[in-house]
Every structure is written in structure tokens, then in C-alpha cells.
Asks: 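Have a look at this one before I ask anything.
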Amino acid sequence: MRSLAFEKVCPLVCCLFLYVHLLSSQNYFSHFASASSTTEAEALLKWKASFLNQTSHNNQLTDWIYLPKTTDTNTTNSSNNPKANESPCIWTGISCNAAGSVTNITIASSGIQGMLHEFSFSSFPNLEYLDLSLNKLFDVIPPQISSLSKLLHLDLSNNQFFGRIPPEIGLLRNLTFLYLYKNNLFDTIPKELGNLKSLVHLELNANQLNGSIPTTLGDLHNLKILHLSDNQLSGSIPQNLGNIQSLTVLELDNNQFSGYLPQNICRARSLINFSASSNHLIGPIPKSLKTCTSLFRVRLERNQLTGNISEDFGVYPSLNFIDLSNNQFYGKISPNWGLSPNLTTLRIAGNNLIGSIPAEIGNATQIYALDLSSNGLVGTIPKEFGGLNSMVNLMLDGNELSGRVPSEFKSLTDLEYLNLSANKFNGSIPSFVGDFLKLNYLNLSNNKFSQAIPFQLGKLIHLSQLDLSFNALEGQIPSDISNMQSLKILNISHNNLSGFIPTSMEDMHGLTYVDISYNHLEGPLPNIKAFQAAPPEALQDNKGLCDNSSFLQLCNNESPKKDHKLVLLIIFLVLGAIALLAFIFAFVPKREKKHLEEKNRDDEISFSILKFDGKMMFKEIVRATKDFDPMHCIGQGEQGSVYKATLSSTCTVAVKKLHLLCDDDKNVQKAFLNEIRALTEMRHRNIVKLYGFCSHRQHSFLVYKYLEKGSLARVLSKDEEAKELGWSKRLNIVKGVARALCYMHHDCLKPIVHRDISSKNVLLDAKYRACVSDVGIAKFLNPDSANWTAVAVTYGYIAPELAYTMVVNEKCDVYSFGVVALEIVMGRHPGDLLSSLSSGLSSSSSSSTALPAHPMPVVDVFDQRISPPTHQVAGEVLSLMKIAFACLNSCPRSRPTMKQVSQQFETHQRLHLTKPLRMIKLGELLDFDGLDLAI
Ligand SMILES: *[C@@H]1O[C@H](CO)[C@@H](O)[C@H](O)[C@H]1NC(C)=O
Ligand SMILES: *[C@@H]1O[C@H](CO)[C@@H](O)[C@H](O)[C@H]1NC(C)=O
Ligand SMILES: *[C@@H]1O[C@H](CO)[C@@H](O)[C@H](O)[C@H]1NC(C)=O
Ligand SMILES: *[C@@H]1O[C@H](CO)[C@@H](O)[C@H](O)[C@H]1NC(C)=O
Ligand SMILES: *[C@@H]1O[C@H](CO)[C@@H](O)[C@H](O)[C@H]1NC(C)=O
Ligand SMILES: *[C@@H]1O[C@H](CO)[C@@H](O)[C@H](O)[C@H]1NC(C)=O
């Protein structure tokens with residue numbers, strides 16, 4: 001990989017060299033043809049002459065001019081500044097000592113584009129201070145820099161230097177401040193830096209350094225600040241960093257560090273800022289950190305740290321910010337957090353916290369961000385929260401909190417972001433939420449809130465997202481809602497709301513997304529884009545919405561009664577059909593049932609969970625498929641074949657015939673049936689409806705809703721059908737799958753891991769809506785194992801960790817989702833890309849990362865059967881790919897949750913393209929650092 005990178009870099013460097021020599025011969029030699037020795041002034045001018053961008057820097061360093069005596073005709077000027085022509089000491093950015101020798105070169109932020117090759121380091125024997133930061137300097141840092149023997153302060157930060165840090169820097173024994181951050185430096189940190197015993201600040205962050213931290217850094221006994229974040233450093237953090245008693249700031253975040261935190265990390269109680277987030281650290285919090293009373297800011301999120309959180313942290317009088325999210329801490333939240341009076345941010349999301357939220361948190365009155373989401377917290381919100389009136393961001397979602405929102409909550413009037421979703425809160429939505437006037441995001445979804453939506457919410461004029469879905473809200477949508485002039489996203493689906501949609505909502509022009517499905521709403525849709533362009537599933541399952549779009553009934557404005565009649569007629573027809581079906585499946589068989597039961601009691605097990613009679617259904621299906629004649633087979637899966645069974649002219653089902661459920665244990669069967677029953681009650685627009693299960697001596701099968709287009713795998717395999725599948729449809733399919741998985745992982749009473757997400761298990765209906773099939777049953781379907789927890793997965797979609805662990809969790813589904821998402825974009829299984837991705841990832845530990853590891857244009861991986869997406873859709877497709885790549889992270893913990901993925905989609909995030917699509921390289925999407933959508 002390294003040689004590859006240089007192949008790419010080298011031609012560029014060569015031609016730049018040519019340019020430099022050209023410039024220097026013209027400018028330098030014309031001025032200095034007569035100069036005999038290399039003075040400091042000449043050295044500076046020679047360097048200046050090598051700058052690439054002469055025009056722009058000239059504006060900055062205009063006084064860097066050598067004035068030969070022969071051309072100086074203004075004698076007055078010459079006598080006023082006798083040294084102007086021989087000393088650079090008065091030039092911008094240059095200072096000298098009493099003897100007239102340069103000690104300080106400070107030309108930061110001067111727009112310089114150039115290199116240090118022409119900088120004659122040996123010409124500056126007295127230089128103590130060199131600051132070239134915030135320019136566009138590039139190429140390597142020359143080893144000759146070691147000749148600046150008096151250097152105390154070296155700042156080359158915020159440039160484009162690449163290559164390695166020259167080990168010769170270790171010769172600058174008096175160096176006190178070394179800043180090389182924000183460049184493109186790679187390779188390892190030279191162990192020679194350990195010789196710089198005077199160093200106080202060492203900042204190498206935001207490069208592409210790899211390898212481990214040299215243990216010699218532990219010898220830097222004067223070091224106060226060590227910044228190594230945002231590199232690709234790996235290995236364990238050397239224990240002896242804890243020996244640096246003076247260390248106050250240690251930043252190691254966003255690397256690949258593994259192993260334990262050093263025991264003595266805060267032995268001297270001097271550590272103030274400590275950050276090691278987004279690494280692969282394991283093990284407990286070291287004792288020295290528990291007693292580290294000097295701490296001000298702590299970031300340990302996104303690791304795999306463990307331990308009982310109620311015991312591992314102490315009392316920190318100065319603590320201002322702590323983030324412990326997305327680790328594996330367990331236990332209860334300690335009341336001690338309330339004893340940190342200056343705490344403003346406390347984040348412990350995504351751990352295994354249990355118990356209730358301690359009332360003492362209410363003592364930390366400076367808190368403005370509290371995130372305890374995605375844990376197992378129970379109980380109510382303590383009324384002491386009323387004291388937290390600095391609160392701006394409050395996230396308690398994804399717990400098992402219950403009860404009413406306490407009335408003391410009303411004093412949190414600075415709230416801007418409030419997420420209480422996916423808990424068990426009940427009672428009405430408090431009307432005082434309408435007084436949280438700064439609120440920008442409000443999510444109360446997936447709770448048990450009941451009664452009407454308080455009209456006071458209309459006061460929230462800054463609110464941009466409102467989610468009240470999956471509650472038991474009733475009554476009408478308050479017309480005051482239209483006062484929310486900033487609202488972009490509104491989801492009130494899955495409630496019991498009724499009546500007409502307020503016409504005042506036509507004023508909500510900022511609205512881009514609505515979901516009002518699964519309510520009892522009726523009447524015309526507001527004539528604004530959000531409603532008019534809403535997909536059918538955002539409007540479905542209401543009482544009688546009407547509109548002039550294709551899938552709803554036409555509104556009949558002249559005679560609304562007629563409209564009602566039409567609705568009634570449809571209802572009658574539907575009821576009639578249901579009654580007929582019920583008759584076929586329920587009434588008729590009852591007469592035969594007794595016979596059958598008596599006759600077959602001993603030689604047949606027959607389960608029925610269908611609302612219909614099981615045995616009759618069984619016979620019907622056997623008849624309709626001509627005893628599972630291959631002619632009726634519509635799909636072959638790993639666990640059985642799928643048949644289309646046309647039971648009547650109006651009723652077609654898909655039947656998945658299984659290998660026999662061979663476990664004779666009655667308890668096992670009972671448990672299985674209970675699970676199936678629960679699954680038949682599941683209702684989600686992106687999950688294939690399971691009607692039931694039949695088992696018989698010869699056959700066991702699952703009965704599903706039949707979906708017209710079959711599996712995604714099938715559609716993608718047929719050129720003609722794949723061409724039908726344009727980018728918007730593809731995006732909708734991915735979103736549908738994400739919604740289904742998000743629902744399974746986060747919104748079910750007991751999270752359901754699918755275990756077998758693949759393009760074969762994503763089915764499409766006539767309108768290409770995606771429905772995930774086999775939800776919740778993959779674990780039963782491994783023919784070779786009687787073990788319930790056996791993994792049943794399709795090769796090519798398996799998360800890599802399953803190769804060495806049997807732990808199947810949500811993150812395995814996330815990985816498979818990533819594969820399916822890429823497959824939809826590419827039109828074929830991304831097998832080859834996946835393997836090059838994983839090799840690209842592992843190569844990041846070599847030294848090649850100055851260039852994106854994947855220079856392939858992103859358009860080259862798109863399904864070539866359809867034309868590339870256009871501008872806006874292109875942004876969505878790229879954002880989708882970026883999310884997919886994040887899902888394919890080989891470290892399960894670094895993958896996003898389906899909730900995060902789904903949220904990204906629901907909020908219509910898309911990458912903003914700053915250049916033409918065909919210029920974008922695959923490597924630019926490989927940001928494995930979460931779901932940040934800035935490019
Ligand atoms: C020099 O800088 C100016 C302004 O910053 C810019 O317009 C110009 O393209 C640059 N020239 C080169 C050769 O980079
Ligand atoms: C010489 O310098 C003086 C003052 O520094 C200035 O006023 C004058 O215009 C200059 N003359 C020329 C010829 O540059
Ligand atoms: C060097 O010069 C810069 C800018 O004039 C100044 O900020 C800095 O303090 C100087 N350093 C020393 C050591 O004199
Ligand atoms: C470092 O500074 C001291 C004085 O502060 C000086 O005596 C010594 O020579 C310097 N070391 C080097 C390598 O220049
Ligand atoms: C808490 O913050 C205040 C104001 O910023 C500061 O004056 C005080 O010293 C801090 N307390 C501690 C123990 O750090
Ligand atoms: C902390 O909170 C508890 C309960 O809310 C209260 O009784 C106690 O006085 C508070 N302690 C301090 C130091 O404020």
C-alpha cells in the first residue's frame with residue numbers, strides 16, 4: 001500500500017520541484033547574483049522566492065524585500081533606515097536579538113503555499129521561535145530542521161506536511177513547545193521525541209500517525225499537554241504515561257488503542273482534561289481516575305470499558321463535562337454525580353445502567369446536557385429534576401421509565417432538545433411543554449401517553465421536529481399546531497387521533513415530512529407539499545382521508561355525504577369479503593373438525609394460530625399448492641421453499657414450508673407457539689405480515705401475506721426489473737428495511753434480532769414497498785440444530801465477528817443491513833467491495849493513508865443498468881452509502897444502532913455535494929467515525 005501511495009504522490013511532487021527551481025532561478029538569482037555569503041536575509045528571500053503562490057503572499061510579506069544600494073535613489077529614506085538593506089530584523093514576522101541575528105520567525109496565516117526544501121535551516125543559528133502555522137506548506141519536514149539548535153518553539157500545525165516526523169527533531173534538546181497537529185503526517189511517532197526532556201506541549205493530533213505510542217514519551221517529565229487524538233495509533237497506552245506527574249491534558253481519542261487504561265493515569269492528581277473516546281479500550285476504570293479530583297473534562301465514550309458505574313467514579317469538585325456513553329458499564333447511577341457542583345454535561349447513554357435515576361442528580365444545578373438514553377433505567381423522573389433549570393438537552397429515551405412527567409419539570413424552560421421516547425411514560429402530555437419556548441426537537445414517541453395533544457404545543461415556534469407516534473393520543477389534531485412555523489418533521493402516526501386535519505396546517509410551508517398513518521383521521525389532506533408528496537404508507541390506515549392523488553379517494557367537495565357513502569360502501573365491501581373468508585376458513589371447517597380430531601388425534605400434531613381454523617387452512621393450502629407441487633414454488637431459501645397459494649380469487653398467501661420442527665419436547669413447542677403468536681400480532685408496514693403457522697406430520701409451514709414483486713434478490717437479478725427500480729425506489733426500499741429493523745430492535749417489548757437479513761428476505765409489494773420477512777423466526781429455522789439459539793444466517797451477509805463468537809445481537813443485523821444497502825446501490829452483492837474494504841481498513845496501520853485508500857470513483861460502483869442519480873438524489877444515495885459503510889465497521893460497537901440509522905433517513909439527511917458526482921471517490925465515504933454527514 002505504501003508504494004502505491006507514493007506512486008500517486010510522486011508525479012505531483014516532481015512537477016512541483018520543477019516549478020520551484022524555475023521560480024528560484026528567476027527571482028533569487030536576479031537579485032543576488034552578486035551575493036557571496038548566505039546571510040539570514042538572503043536565506044529568507046530565497047525561501048520566499050520558492051513560494052508557489054507569489055500573488056497572494058506578496059500581499060502579506062510585501063516588506064520582505066532586499067534593497068540593493070545601487071538602486072536606492074532616495075537618500076533620505078536610506079539614512080532613516082540605515083539597516084534596511086542588510087537586516088531582515090524589521091521585516092514582518094521577524095525579530096532579532098541585540099546582535100541583529102534572527103531569533104523569531106512568526107508568519108502564521110499568511111496564505112503561503114510552498115515547501116521547506118528551500119529553507120536553509122543552518123542559516124539561523126539563533127532561531128528560538130518558528131511559527132509557520134495555518135499556511136499551505138506541504139511535502140516533508142526536512143531532517144535538517146535539527147540544525148536549529150536553539151529552537152524552543154516549533155509550530156508547523158495546520159499545514160499540509162506529509163511523510164514522517166523526522167526523528168532528527170529529537171536533537172532539538174531545548175524544544176519546549178512542539179506543534180505538528182493538523183497535517184498529513186504518517187508513519188510512527190519517532191521514539192527520539194523522548195529525548196526532548198524540556199517539552200511542555202506536544203501536539204501531534206489530527207494526522208495519520210500509526211503504530212503505538214513509544215514508551216519513551218513516559219520520560220517527558222515536564223510534559224503538561226499531550227495531544228495524540230485523531231490519528232491511527234494502536235496498541236495499548238503505555239503504563240508509564242502515568243509517571244508524568246505534570247500532565248494536565250491527555251487527549252488520545254479517535255485512534256485504535258486497545259487494552260486497559262494505564263493504572264496510574266492520574267497518580268499525581270494533576271490531570272484536568274482526559275479524553276480517550278472512540279478507541280477499543282477494555283477493562284475497568286483505574287483507581288487513580290476514581291480519586292482524580294482535579295478532573296474538569298473527561299471523554300471515554302465509544303469504548304468497551306466495563307465495571308460497576310456506581311463504584312468506579314468518585315466525587316469531582318471541578319468536573320464540568322463527562323461522557324461515558326456507549327461502553328459496557330453496569331449498575332446504578334451514583335448519587336455522587338449530584339456532588340459535582342460545576343457539572344454541565346453528563347452522558348452515560350448506551351450502557352447497561354439499571355435502577356432508578358437518583359434524586360440527587362437534581363443537586364447538579366449547572367447541568368445543561370444530560371443523556372442517559374438506551375439503558376435499562378426504571379422508575380419515574382425524580383421531581384428534583386425541577387431544580388435543573390439550566391437544562392438544554394435532555395435525553396432519557398430508550399429506557400423503561402414510567403409514570404407521569406412530573407409537574408416540577410415545568411421549570412426546565414431552557415430546553416431545546418427533549419427526547420423521552422421509547423419508555424413507558426403515561427398520562428397526558430403536560431400542557432407546560434408548550435412553555436418550553438426554545439424547544440427545537442421534541443420526541444415523546446413510543447410511550448403510553450394518552451388523551452388529547454395539548455393545544456399549547458402550538459406555542460413552540462422554534463420546534464423543527466415533533467414525534468408523538470406510537471402512543472394512545474386521541475381527539476383531534478389541535479389547529480394551533482399550525483403556529484409551529486419552524487416545524488419540518490411531524491410524526492403523529494400510530495395513535496387514536498380522529499376528526500379532520502386542521503385546514504390551518506396549509507400555512508405550514510416549512511413542513512417537509514409528515515406521517516399521520518394508523519389513526520382515525522378523515523377528510524381532505526391539507527394542500528401543502530408535505531401532505532401532497534407524502535408516500536402512501538405515511539397516510540395509510542386512517543378512517544377516510546381524501547385527496548386528488550392516485551392512491552386516496554377523490555374528494556367530492558360538493559357533496560361530502562356522497563363521500564361518506566362511498567366510504568361506507570367500501571367498508572361494506574371489505575367487511576363482506578372478510579365475512580366470506582371467515583365463513584370459508586372458520587365456519588365450514590368447524591363441522592369437520594370433530595371428525596378430524598377424533599380420527600387423527602394420535603398421528604397428527606396440528607398447531608393453529610391463525611384466526612382461521614388451522615386444520616382447514618392446512619388442507620386448503622395443501623390443495624391450493626397441489627401438495628406443494630414445484631409448479632407453485634416461488635422461492636428457495638436455506639430453510640425451506642416458498643409457495644404461492646391462491647386460496648380464493650381474493651385471497652393469496654405465501655407459504656414457507658419448513659423442515660419439520662423435530663423437537664418433541666412439549667415445552668419447547670409451547671414456547672415456540674407463544675413466540676409465533678406474538679409475531680402474528682406484530683403490525684408494521686415494513687414487516688411481512690405473518691398470519692400463522694401450521695404443523696403436521698408431513699409438513700410444517702408458515703403462512704405469510706403474499707407480496708407481488710417477490711424478493712429484492714430476485715428483482716435485482718433480472719435486468720428488466722432492475723431497470724424499473726430507479727434511485728428513489730431504491731432509497732425507499734433501504735429506508736423501509738431500516739424502519740423495520742429499528743422497530744424490531746428498539747420498539748418491541750422484547751427486542752427482536754432478525755439474524756438473517758439478506759436481499760432474499762426483503763420482499764417487495766406491487767408499489768415496491770420493502771417488507772422484511774422471517775422476522776423473529778430465523779432462530780428456529782436451522783435444520784441442523786435442535787439448539788434454539790443456533791445461528792441461521794445467509795453466507796455473504798454475516799457479520800465478521802460471528803466467525804469467532806456465537807453472540808448474536810442487534811449489531812449483526814446492522815452489518816447485514818449494510819450489505820443489503822450496498823447491494824441495492826450496486827445492483828449486485830458487494831462481495832468484492834467488502835473484501836477490498838476490509839483490506840483497506842487493515843492497511844490503515846501501514847503508512848499509506850495520505851491518500852484516500854479507495855480512489856475508485858463512487859459512480860463506478862453504482863448499478864450500471866440505471867443512469868446515475870441526479871443532484872439531490874445523489875446526495876441521498878451518498879449519504880446512504882456512508883451510513884452503509886458505517887454499518888459494515890468490523891467492530892460491532894462502532895456500528896451505529898438501527899435507531900440512529902433510521903433517524904438519519906427519517907430526517908432526510910443527505911450529503912451536500914461540493915463537486916460533481918463523478919469526482920467523488922469511494923474513499924471519501926469511508927468515514928468510520930459514525931454518521932456525521934458533512935463531507
Ligand atoms: C494564489 O492565491 C490567489 C488568491 O488567494 C488565488 O486566486 C490563486 O489561484 C493562487 N495561485 C496559485 C498559483 O495557487
Ligand atoms: C523619499 O522618501 C521620502 C520620505 O521617506 C518621501 O517623502 C519621498 O517621496 C521619497 N522619494 C522618492 C523619490 O521615493
Ligand atoms: C515571536 O513573534 C510573535 C509575533 O510577533 C510573538 O507573538 C511571539 O511572542 C514572539 N516570540 C518570542 C519568543 O519572542
Ligand atoms: C539549551 O539551553 C541552554 C540554556 O538555556 C544552553 O546552555 C544549551 O546550550 C542549550 N542546548 C542546546 C542543545 O542548544
Ligand atoms: C466552579 O465554577 C466556578 C465558576 O466557573 C468557579 O469559580 C469555581 O472555582 C468552580 N469550582 C471548582 C471547585 O472548580
Ligand atoms: C442534594 O439533594 C438532596 C435530595 O434532593 C437534598 O436533600 C440535599 O440537601 C442536597 N444536598 C446538597 C449538598 O445540596
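The basis for the numbers below is simple: all heavy atoms, side chains too, and nothing from hydrogens, waters or symmetry mates. In listed order, ligands and their atoms are each counted from 1.
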Asks: What residue pairs, at least two apart or across chains, pass disulfide (SG to SG under 2.5 Å) with a residue in residues 139-197?
Replies: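 Applying disulfide (SG to SG under 2.5 Å) to every pair that reaches into residues 139-197, excluding sequence neighbours, yields nothing.
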Asks: Suppose we screen for side-chain hydrogen bond (donor to acceptor under 3.5 Å, both in side chains). Which residues come up paired with Asp131, at least two apart in sequence or across chains?
Replies: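 Only Ser133 meet the side-chain hydrogen bond (donor to acceptor under 3.5 Å, both in side chains) criterion with Asp131.
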Asks: With sequence neighbours excluded, tell me which residues meet side-chain hydrogen bond (donor to acceptor under 3.5 Å, both in side chains) with Asp435.
Replies: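 side-chain hydrogen bond (donor to acceptor under 3.5 Å, both in side chains) check on Asp435 returns Lys459.
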Asks: In terms of relative ring orientation, are Phe162 and Phe186 parallel, tilted or perpendicular, with 30° and 60° separating the classes?
Replies: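 Rings of Phe162 and Phe186: parallel, as their planes differ by under 30°.
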Asks: Near ligand 5, which protein residues have a heavy atom under 4.0 Å away?
Replies: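 Near ligand 5, by chain and number: Pro317, Ser318, Asn342.
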Asks: Between Glu408 and Lys410, does any NZ, NE, NH1 or NH2 come within less than 4.0 Å of an OD or OE carboxylate oxygen?
Replies: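 Salt bridge flag = no for Glu408 with Lys410.
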Asks: Purely on distance, is any nitrogen or oxygen of Asn104 under 3.5 Å from one on ligand 3?
Replies: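 Yes: some nitrogen or oxygen of Asn104 is under 3.5 Å from one in ligand 3.
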Asks: Check whether any side-chain heavy atom of Phe432 lies under 4.5 Å from a side-chain heavy atom of Val405, and answer yes or no.
Replies: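 Result yes, sub-4.5 Å side-chain heavy-atom pair found.
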